[in-house]
Each structure stands twice: as structure tokens, then as C-alpha cells.
Amino acid sequence: RQGCSLQRWSISTAAPSPVAIGLMDQVRTIRLDLRNLSPAQLRQRFAVSLEPAGGSPTGLPTGPVVMQGQMTPAN
């Protein structure tokens, strides 16, 4: 949507609130290299929210979540 940004968030049981990890200019598939992550990090969840242009003004999600998922290693 014009005038908005897609913002990525990491959601972990180790942190009390979602942590912003970047903005996206479009929805797309990304691949992550998980080889150096701990078992706790492998249980993280991720979300993408629709935020004002430039990202959340509060440092926390303010707009609707448009995607979410959990990181899992491939077998």
C-alpha cells in the first residue's frame, strides 16, 4: 500500500516484546542460513506488519500483521 512499509519482527520467548529486524520493499521468499543458530533461536517466530512509511514510530508493531511463521530446520 502506498505510504506504508512492511516491517519484519522477531518474536522470541527470550524477549518480552517483538524486536524489529528490518523493512521490506515487497513480499518475497527469503532463505535463512540456520547452521549457526542455537536450539532456542530455532524456535523463534517471525511476523510482518503493515506500518507507516519508514517503519513503526513506536518500536513495536502498530499496524496489522499480514504474515507470520515459525522458523524450522529442513529435514
Please name the pair of heavy atoms, one in Gly59 and one in Trp9, separated by the smallest distance, quoted to 0.1 Å.
O-CZ3, 3.4 Å

Any donor-acceptor pair under 3.5 Å linking the side-chain atoms of Ser5 with those of Gln7?
no

Nearest atoms (heavy-atom pairs only) where Leu23 meets Arg8:
O-NH1, 4.0 Å

Does any non-hydrogen side-chain atom of Leu6 lie less than 4.5 Å from one of Leu50?
yes

Is there side-chain contact between Val19 and Ser12, with heavy atoms separated by less than 4.5 Å?
no

Could you check Ser17, Pro18, Pro61 and say which one makes a side-chain contact (heavy atoms from CB on, under 4.5 Å) with Ile11?
Pro18

Could you tell me whether a side-chain N or O of Gln70 sits under 3.5 Å from a main-chain N or O of Arg45, the two making a donor and an acceptor?
no

What heavy-atom pair brings Thr62 and Pro57 nearest, and what distance separates the two atoms?
OG1-CD, 4.2 Å

